[in-house]
Amino acid sequence: LVSAVKAGDLATAYSCEAKVFRCMPVGGWAGVHALKLLGKAMGLMGDTVSLPMPRLTPDQAELVMAAGRAAGLPLKG
């Protein structure tokens, strides 16, 4: 996903994004923190969210990380 965006290959980037969303175990506003958590695990950003955005529970965070790994994201740690 990241490589595709950097290369300007938006078709591949959207395809990768769709794969991530199909695997995503949380939705709604919790999805904001989920995406930031994945971004942090790829070294792209922090995972801070401000109210009223909810933070994921540790169990939800592990499910999100597992989904990111299943989607083939280059996660660190």
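No hydrogens, no waters, no symmetry mates; every other heavy atom, side chains included, goes into these values.
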Self-check item: Nearest atoms (heavy-atom pairs only) where Ala34 meets Val26
Solution: CB-CG2, 3.7 Å
Self-check item: Closest contact, heavy atoms only, Ala30 versus Leu56
Solution: O-CD2, 3.7 Å
Quiz item: For Val49 and Pro54, which heavy atoms make the closest approach, and how far apart are they?
Solution: CG2-O, 3.9 Å
Practice problem: Would you kindly confirm whether Met45 and Met42 end up in one hydrophobic cluster when ILVMFWY residues are joined by side chain heavy atoms under 4.5 Å apart? | Solution: no
Exercise. Any chance you could measure Met65, atom CE, to Leu75, atom CG, to the nearest 0.5 Å?
Key: 4.5 Å
Self-check item: Hydrophobic cluster membership, Leu37 vs Val32, 4.5 Å side-chain cutoff
Solution: no
Exercise. Please step through side chain to side chain contact (heavy atoms under 4.5 Å, CB included) for the pair His33 and Val64, ending with a clear verdict.
Key: CA-CA 10 Å; His33 187 223; Val64 167; over 6 Å; no
Quiz item: From Leu73 CG over to Cys16 SG, what is the distance, rounded to the nearest 0.5 angstrom?
Solution: 8.0 Å
Practice problem: For residues Pro25 and Ala67, report the shortest heavy-atom separation together with the two atoms involved. | Solution: CD-CB, 3.8 Å
Self-check item: OG1 on Thr48 to CZ on Arg55, rounded to 0.5 Å
Solution: 6.5 Å
Self-check item: CG-NZ distance between Leu44 and Lys76, expressed to the nearest 0.5 angstrom
Solution: 7.5 Å
Exercise. Report the C-alpha distance between Leu38 and Met24 in whole Å, list the side-chain angles of each, state the deciding distance to 0.1 Å, and finish with yes or no for side chain to side chain contact (heavy atoms under 4.5 Å, CB included).
Key: CA-CA 11 Å; Leu38 291 171; Met24 190 60 62; 3.7 Å; yes
